[in-house]
Every structure is written in structure tokens, then in C-alpha cells.
There are 2 protein chains.
Amino acid sequence: MITATKKRIIESAIQVFNEDLSAPLQRVADKASVTRRTLHRYFSDRNELVAVCEKAIETSCRKAMIAAIQSSNDPLTQLENMLYAGIDCGAKYSFFYKLHQSKDHKHNTENKNCADYDYIYQHFHQIILQLQKNGKVNSDMSAQWIQVLHSGIIESTVNARHHPTKDFQEIKTLAWTSYIKAIAP
Amino acid sequence: MITATKKRIIESAIQVFNEDLSAPLQRVADKASVTRRTLHRYFSDRNELVAVCEKAIETSCRKAMIAAIQSSNDPLTQLENMLYAGIDCGAKYSFFYKLHQSKDHKHNTENKNCADYDYIYQHFHQIILQLQKNGKVNSDMSAQWIQVLHSGIIESTVNARHHPTKDFQEIKTLAWTSYIKAIAP
DNA sequence: CAAGAATGTCTCAAATTAGTGACATTTAGA
DNA sequence: TCTAAATGTCACTAATTTGAGACATTCTTG
């Protein structure tokens with residue numbers, strides 16, 4: 001059973017660690033409106049907290065991404081929903097993406113997390129390939145570059161959320177519009 | 001006089017702190033291939049190092065951005081060069097942008113750094129406005145959103161540099177192509 | 001209300017990080 | 001080669017962060 005407090009601590013930790021992995025635990029506790037003592041009742045040490053955060057991220061991002069992939073048979077809709085899923089995951093997505101991109105991350109297909117990551121990005125590449133065949137995406141752009149752009153737009157959009165002049169749904173649509181135009185032929 | 005070692009320490013610190021502001025100084029020293037003792041000979045304490053990094057960032061980003069703005073009278077060329085300048089600044093640009101966007105940053109027009117930041121982004125907004133008038137940029141997109149996109153693309157491109165399948169100049173061109181298409185009408 | 005669970009307060013010891021002095025070693029330049 | 005500057009090594013203290021015990025307080029729920 002996962003209590004509300006535990007959940008709040010994890011969410012706070014993800015936000016804090018995403019910006020500053022070495023931040024003192026006090027900052028996580030503060031953000032979660034909880035004492036450091038309480039934090040330590042749920043997580044025996046820093047490593048455990050970080051590990052749980054990573055797991056939580058993997059789980060929720062993976063779920064959201066897979067749902068997006070399976071939401072339709074139309075690759076354009078799939079791509080759009082993958083973008084929205086990333087934006088909705090917010091800081092989690094940045095962290096998720098960082099984890100697998102970081103230099104010291106030893107990619108390992110045996111690892112279930114890596115397998116899921118691979119599953120997602122294999123599909124992503126397939127979607128791009130298909131859209132390129134259909135003439136809906138620029139064939140001069142490699143799937144790898146489009147992936148970089150994809151995550152960049154998600155990150156920007158999530159950051160833009162903090163100083164919201166507009167409705168958030170509107171920003172998401174703006175993100176999609178910009179994205180699809182960027183990669184159009 | 002700024003020695004090579006001092007410069008190397010500053011560059012390393014910018015990279016390390018950009019990812020993890022609370023990282024131990026040992027990490028900065030390691031990255032600079034220097035002892036922690038030597039680091040402390042150049043910078044009496046952490047705060048001083050951070051301050052020097054910020055100053056270095058401000059100076060070099062400001063210079064590069066202003067040079068980009070003054071490189072031409074054609075707003076499209078100006079925008080293109082601002083993008084390249086950001087990419088060339090690399091981690092410095094992320095830090096520069098973060099510094100002025102962060103919630104706890106108290107913006108102050110009296111502060112010379114903020115004044116420069118304002119100068120740059122006022123010009124940026126003017127450039128966008130002019131391009132929108134000329135029909136070269138989508139008028140439905142606010143200058144603010146374009147700014148978010150601009151920094152997002154720079155950040156992605158800089159990250160993409162780490163796993164370079166292609167020549168870096170090619171990636172820069174790709175970034176510009178994607179960017180201008182994203183904001184085209 | 002009563003009891004038990006969750007959280008907070010206060011305290012403390014261990015671990016890590018920060019900063020510095022004293023002296024050895026290396027490096028660059030006259 | 002000789003010297004001075006730069007850097008490294010080692011040792012040490014101070015400051016910060018971490019993790020946990022003991023007990024008080026607050027919050028739930030029957």
C-alpha cells in the first residue's frame with residue numbers, strides 16, 4: 001500500500017532531483033511539506049529514494065507512452081499522442097529520458113526498464129519511418145534527430161508551464177503544431 | 001590575468017553545475033583534472049566559484065548573442081545567427097537561460113546582467129515581430145512561445161552533440177531547418 | 001471518546017563535504 | 001641548469017548533511 005504522503009514525497013523528489021540530483025533531502029522534505037524524519041520513515045536512505053523515483057518514472061512514463069502508441073493505428077495520431085504523453089508526464093519525462101541517455105548509463109537489454117525503453121523507441125522509429133514513407137515527414141531528417149527534437153519540445157513545453165500566460169491545453173496544441181511543422185517535408 | 005588552469009576549472013564547473021548545482025567540488029576538480037586543493041587556490045569557496053561561473057556565462061553568452069544580433073540587418077539572418085550562437089555556447093546557454101528564468105531569480109533592471117538579458121530578448125521579440133509582419137513567421141505564435149521553442153531547440157541540439165552520428169555543423173543546420181519550419185506561417 | 005497509526009520535535013552520532021596549512025614535487029622559463 | 005611559480009600530497013578542523021532513537025503531538029477511525 002502506498003500512502004498519500006509517500007506519493008507526495010516521491011513526486012517532490014522527482015521534481016527536485018530532476019534539477020539537482022545532489023540536492024539535500026531537506027529540500028525534498030520541504031517541497032513535500034513533511035519533516036525530514038518522516039521522509040526517512042518511508043525511505044531508509046537517499047539511494048532508496050532515488051531508486052524508487054526511477055522506478056516510479058519508468059512505470060508511469062512507460063505506461064503513458066505505450067498507451068499513446070496503442071491509442072490508434074494512424075501513425076500521425078500515435079506521434080501526436082506520444083508528444084502529449086511526454087508533456088503530461090512533465091518532469092518525469094525529462095528524468096526518464098535523461099536516465100537512458102546519460103553517459104554512465106549502461107544500456108542493457110536484459111534490464112526490463114531498458115527493454116521497455118527500447119520497445120518505445122523502436123516503435124517511435126517505426127512511426128517516423130512510416131510517416132516518411134507516407135510523405136508526411138521529411139525524409140532528410142533522421143529518426144534520431146526527430147527523437148532529439150521530440151524530447152526537446154516536450155522539455156520546453158513543460159518549462160513553459162511554469163509561466164503560463166495561456167491555458168495549458170493551448171500550449172500543448174501549440175507544441176504539436178510547431179513539432180509537426182518542424183518535421184514536415 | 002586568467003591562467004589556463006583557472007579557465008579549465010571554470011569550464012568544468014559550468015558543465016557540472018549546469019546538471020547538478022549541488023554537486024561536490026571534487027567532481028568539478030576531477031573534470032578539470034586538478035586537485036581540490038588547487039581548485040581552492042583559485043576560488044576561496046563554492047560561492048565564489050559559482051559567482052565566477054555566472055559572470056563568465058553572462059559575458060560570453062551576452063557577447064555571442066549581441067554579435068549575432070548585430071551580424072546583419074536581415075531579421076531572418078539575425079534569428080539564424082542567434083540560434084547558432086546559442087548552440088555554440090553549449091551548456092553555458094542553458095545555464096544563462098536558466099539563471100534568468102528560475103523562480104528565485106529576482107529580476108532587476110538595475111542589475112547590468114539583467115539589463116543585458118533584457119536587451120537581448122527585447123531584440124529577439126522585435127525580430128520575431130518583424131518576421132511576423134513580413135509573413136515569414138506564424139502570427140498565431142506568441143513571441144514568448146517562440147522564445148521557449150528557441151531555447152528548447154538549442155538545448156536539444158547541445159545534448160545531441162554528445163552522441164554525434166553526424167558532423168556538428170550538419171546538426172546545427174538541421175536545428176535551424178527544423179526551427180524555422182516550426183515557426184513558419 | 002479511546003486506541004492506534006502517522007507525523008512532528010528534539011537530540012545525537014556517523015558520514016560526507018569544505019576549506020586551509022605545511023611541505024613535497026613538478027613544470028616552465030631565464 | 002637553476003629558480004620561481006604552479007600543482008600535488010597529506011593531514012587536519014569546521015560545517016553540512018545524513019540517518020535514527022525516544023518521546024510528544026496530531027489525526028484517524030471504530
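The basis for the numbers below is simple: all heavy atoms, side chains too, and nothing from hydrogens, waters or symmetry mates. All of these numbers come straight from a predicted model, not from anything done at the bench. Below, chain A is the first sequence line, B the second, and so on; all start at residue 1.
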- prompt: Would a line drawn from the ring center of A:Tyr119 to the ring center of A:His123 be shorter than 6.0 Å?
  reply: yes

Salt bridge (charged side-chain N to carboxylate O under 4.0 Å, His left out) against B:Asp45, all qualifying residues, sequence neighbours excluded: none

task: Return yes if the base of C:dG19 and the side-chain atoms of B:Arg37 contain a donor-acceptor N/O pair under 3.5 Å, otherwise no.
output: no

- prompt: Do B:Leu174 and B:Phe168 share a hydrophobic cluster (ILVMFWY, side-chain heavy atoms under 4.5 Å, transitive)?
  reply: yes

query: Is the closest side-chain donor-acceptor distance between B:Asn134 and B:Gln130 under 3.5 Å?
result: no

statement: Residues in residues 40-53 of chain A with a heavy atom under 4.0 Å of DNA chain C, by number, are A:Arg41, A:Tyr42

- prompt: What's the CD-P distance between B:Gln26 and C:dT20, to the nearest Å?
  reply: 16 Å

task: Would you please classify the geometry between the B:Tyr93 ring and the B:Phe96 ring as parallel, tilted or perpendicular, with 30° and 60° separating the classes?
output: tilted

message: If you apply the rule side chain to side chain donor-acceptor pair (under 3.5 Å), what do you find for A:Asp30 with A:Gln26, and how did you get there?
response: CA-CA 6 Å; A:Asp30 288 346; A:Gln26 183 67 61; 3.0 Å; yes

- prompt: Between A:Leu39 and A:Arg36, which has a closest nucleotide on DNA chain C that is more 5'?
  reply: A:Leu39

message: For a 4.0 angstrom threshold against heavy atoms of chain A, report the outermost contacting nucleotides of DNA chain D in 5' to 3' order.
response: D:dT17 to D:dA22

field: A:Tyr84 six-ring centre to A:Lys172 NZ/CZ under 6.0 Å and within 45° of normal
entry: yes

- prompt: Between atom CZ in B:Arg27 and atom C1' in C:dA18, what is the gap in whole Å?
  reply: 15 Å

query: Parallel under 30°, tilted from 30 to 60°, perpendicular over 60°: which one fits the rings of A:Tyr179 and A:Trp176?
result: perpendicular

